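Input: a single structure, listed below in structure tokens.
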Amino acid sequence: MTTLLHAPDTLTRDALTVLQPGFVGTTAPDWLLRRIGEGLSSVGLFGRNIVTPEQLTALTAQLRAERDDVLVAIDEEGGDVTRLEVKQGSSFPGNYALGSVDDVELTRAVARELGRRLAQCGVDLNWAPSADVNSNAENPVIGVRSFGPDPDLVARHTVAYVDGLQGVGVAACTKHFPGHGDTNVDSHDALPRIDVDLATLHARELVPFRAAVAAGTKAVMSAHILLSALDPHRPATLSPQILTGLLRQELGFEGLIVTDGMEMQAVSATYGIERGSVLAIAAGADAICVGGGLCDEDTVLRLRDALVNAVRTGELPEERLADAAARVRALAAWTQAHRARGAGSVPGAAVQEGTAPGADIGLVAARRALRVTRGERPYTPVTGTPYVASFTPVANFAVGDETPWGIAAELERLLPGTETGSYDESSADSALADAGERRVVAVVRDLHRHPWMIRALDALLAARPDTVVVEMGLNEAEPRGALHIATHGAARVCGRAAAEAVVGTGA
């Protein structure tokens, strides 16, 4: 336990309270423990902080030894975006797979099991689910992270996901308000802009968020996007009209408003992280998420001091900072109460047959999400040792490039001797040469977004019409190949379900 020589004043404590920083390492550094003792109330975890469930449990215990009510947050969507299983691939399919099945009890069961695992490891705030309506198939950052393009479908599955997480004591953080689905720019790289009228926003983007607020989501994460019909000057994260006027007053949300990562270029490139954080709190945000890229003590001190100085100069009302800090503490108290009752270990409630919670619920969901289309010729299951040709696009920042994807590892378990190669914007010639006489399984991801990938796949199919095609991104392109398998996501369990279909053993 850290001992303070001089207790920080209330203003400084409040400034620390509203920060949700990250750090480097699999144990908490001394500086982080010291700042928790001074008032820091939240810590964000990323893949770099996690090796095993046992190590994660020890890490969260170390944080709570400093103060029992510290919020431990994580970006664990399941599917393509996983931190718990960053080196292995997720045991749960993502939102697009769940939306394609469209069984809200299945979604609730998946979220409940995921929440149970988080709670067992001491994590109590999940920056999920994504409630974005993926109305733009060219979206480079949302895609399979969305339940789909239909607002009502997204709304009912968002509610089920929130229920599943919060039923085991893990606070849900519904994102990215007011909706990141109709963008063709990644806010990690630049500021996306949505230029549609208010009627469209209310009929599309806002439908899932209204439902999530009504369902009692404990937190909402803002998006770094410019919606000209709501605020033509500032992105949502920095907009009083959007955070206070729309989310607080019109939608009636009383929980915690969390910003998306403040180091993302959509905000930091124009405002910088210090001024951006001040503007966000002034606009109505309660917690500043930072740490995906900037994860050191200096960042925490810079943001703390920027908030304190803004209050002292009159730019940020002291009562607004105090209100933000109070909302952080209120959520911490809710999660602390659930931990005290042991809510994370409560078995899941009974649901419909075939969707009961349990260790295999992710695989059950992945199998149900498969869409298999046979070609014109009779399909012969792969029985020999195939060659897996993976056509690999550049990963977006949210997904990252350290999480494995594809089906080669799963096929290897079923068909020992399976070999694989990864191909980018080259022709299919290399893949054909590497495959030799072996049966080819071509794995693609968001085929419709990558002309080079379409050309390579078409050339491969022209030379080898018995090729199996596995689409692990948005299923927008026409099915092709002797067998076309749409997994609706690239999680490890999606790869396993696809491998079972390739060899003819799938359910």
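Only this structure's heavy atoms are used, side chains among them; waters, hydrogens and symmetry mates stay out. The shown structure was predicted, so the numbers you read here are calculated from the model rather than taken from an experiment.
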Are the side chain of [X] and the backbone N or O of [Y] linked by a donor-acceptor pair below 3.5 Å?
X: Thr403; Y: Gly89; answer: no
X: Asp150; Y: Leu153; answer: yes
X: Tyr379; Y: Val502; answer: yes
X: Glu113; Y: Ile361; answer: no
X: Glu76; Y: Arg83; answer: yes
X: Asp182; Y: Ser135; answer: no
X: Asn126; Y: Ala172; answer: no
X: His224; Y: Met264; answer: no
X: Thr420; Y: Val388; answer: yes
X: Arg371; Y: Ser100; answer: yes

Steps toward side-chain contact (heavy atoms from CB on, under 4.5 Å) verdict (Val24, Arg48): CA-CA 7 Å; Val24 175; Arg48 62 176 178 254; 4.2 Å; yes

Might you work through the side-chain contact (heavy atoms from CB on, under 4.5 Å) test for Ile194 and Thr183, ending with a clear yes or no? CA-CA 7 Å; Ile194 298 179; Thr183 60; 3.7 Å; yes

Smallest separation among heavy atoms of [X] and [Y], with atom names:
X: Glu138; Y: Arg449; answer: O-NE, 3.5 Å
X: Gly406; Y: Val443; answer: CA-CG1, 4.3 Å
X: Gly148; Y: Val154; answer: O-CG2, 3.3 Å
X: Ala389; Y: Val440; answer: CB-CG1, 4.5 Å
X: Ala459; Y: Ala428; answer: CB-CB, 3.9 Å
X: Val493; Y: Ser91; answer: CG1-O, 3.3 Å

Quick one: list whatever passes ring pair (Phe, Tyr, Trp, His ring centres under 6.0 Å) with Phe209, sequence neighbours left out. Phe177

Partners meeting ring pair (Phe, Tyr, Trp, His ring centres under 6.0 Å) with Phe147 (sequence neighbours left out): His157

Is any side-chain heavy atom of [Y] closer than 4.5 Å to one of [X]?
X: Gln120; Y: Thr57; value: no
X: Val503; Y: Leu411; value: yes
X: Met262; Y: Ser268; value: no
X: Leu59; Y: Leu45; value: yes
X: Glu77; Y: Thr82; value: no
X: Leu447; Y: Leu457; value: yes
X: Val123; Y: Val170; value: no
X: Val133; Y: Val207; value: no

What pairs of donor and acceptor atoms, side-chain ones from residues 477-484 against any protein atom, are under 3.5 angstrom apart with sequence neighbours left out?
residue	atom	partner	partner atom	Å
Arg480	NE	Glu478	O	3.4
Arg480	NH1	Asp458	OD1	2.7

Report the C-alpha separation of Ser228 and Arg193 in whole Å, then their side-chain angles, then the decisive distance to 0.1 Å, and conclude whether the side-chain contact (heavy atoms from CB on, under 4.5 Å) test is met. CA-CA 8 Å; Ser228 56; Arg193 183 184 182 102; 3.8 Å; yes

Residues passing the salt bridge (Lys or Arg N to Asp or Glu O under 4.0 Å) test with Glu274, sequence neighbours excluded, are Arg302

State which residues pass salt bridge (Lys or Arg N to Asp or Glu O under 4.0 Å) with Glu410; sequence neighbours excluded, sorted by chain then number. Arg413

What residues form a side chain to side chain contact (heavy atoms under 4.5 Å, CB included) with Val144, not counting sequence neighbours? Asp80, Tyr96, Leu474

Ala285: partners by side chain to side chain contact (heavy atoms under 4.5 Å, CB included), with sequence neighbours left out: Leu243, Ile257, Thr259, Ala280

Residues in side-chain hydrogen bond (donor to acceptor under 3.5 Å, both in side chains) contact with [X], at least two apart in sequence or another chain:
X: Asn134; result: none
X: Asn95; result: none
X: Thr299; result: Asp296
X: Thr27; result: none

Run the numbers on Val469 and Ile485 for side-chain contact (heavy atoms from CB on, under 4.5 Å), then give the verdict. CA-CA 6 Å; Val469 177; Ile485 303 169; over 6 Å; no

Atom pair [atom1]/[atom2] of [X] and [Y] - distance to nearest 0.5 Å:
X: Arg116; Y: Cys121; atom1: CZ; atom2: SG; result: 9.5 Å
X: Ser277; Y: Leu238; atom1: OG; atom2: CG; result: 9.0 Å
X: Met453; Y: Phe391; atom1: CE; atom2: CZ; result: 8.5 Å
X: Glu263; Y: Ile288; atom1: CD; atom2: CD1; result: 11.0 Å
X: Ile242; Y: Asp231; atom1: CD1; atom2: CG; result: 5.5 Å
X: Arg234; Y: Leu226; atom1: CZ; atom2: CG; result: 11.5 Å

Students often mix this up, so state it plainly: with edges at 30° and 60°, are the rings of His176 and His180 parallel, tilted or perpendicular? perpendicular

Sole residue of Asp132, Asp75, Asp260 in side-chain hydrogen bond (donor to acceptor under 3.5 Å, both in side chains) with Lys175: Asp75

With Tyr423 as partner, the option from Asp429, Thr392, Asp434 fulfilling side-chain hydrogen bond (donor to acceptor under 3.5 Å, both in side chains) is Asp434

Please tabulate, for side-chain N and O atoms in residues 461-468, each donor-acceptor pair with protein atoms closer than 3.5 Å (sequence neighbours left out).
residue	atom	partner	partner atom	Å
Arg464	NH1	Gly436	O	3.0
Arg464	NH2	Arg438	O	2.4
Thr467	OG1	Arg464	O	2.8

Distance only, no hydrogens: is a donor on one side chain within 3.5 Å (strictly under) of an acceptor on the other, for His202 and Arg210? yes

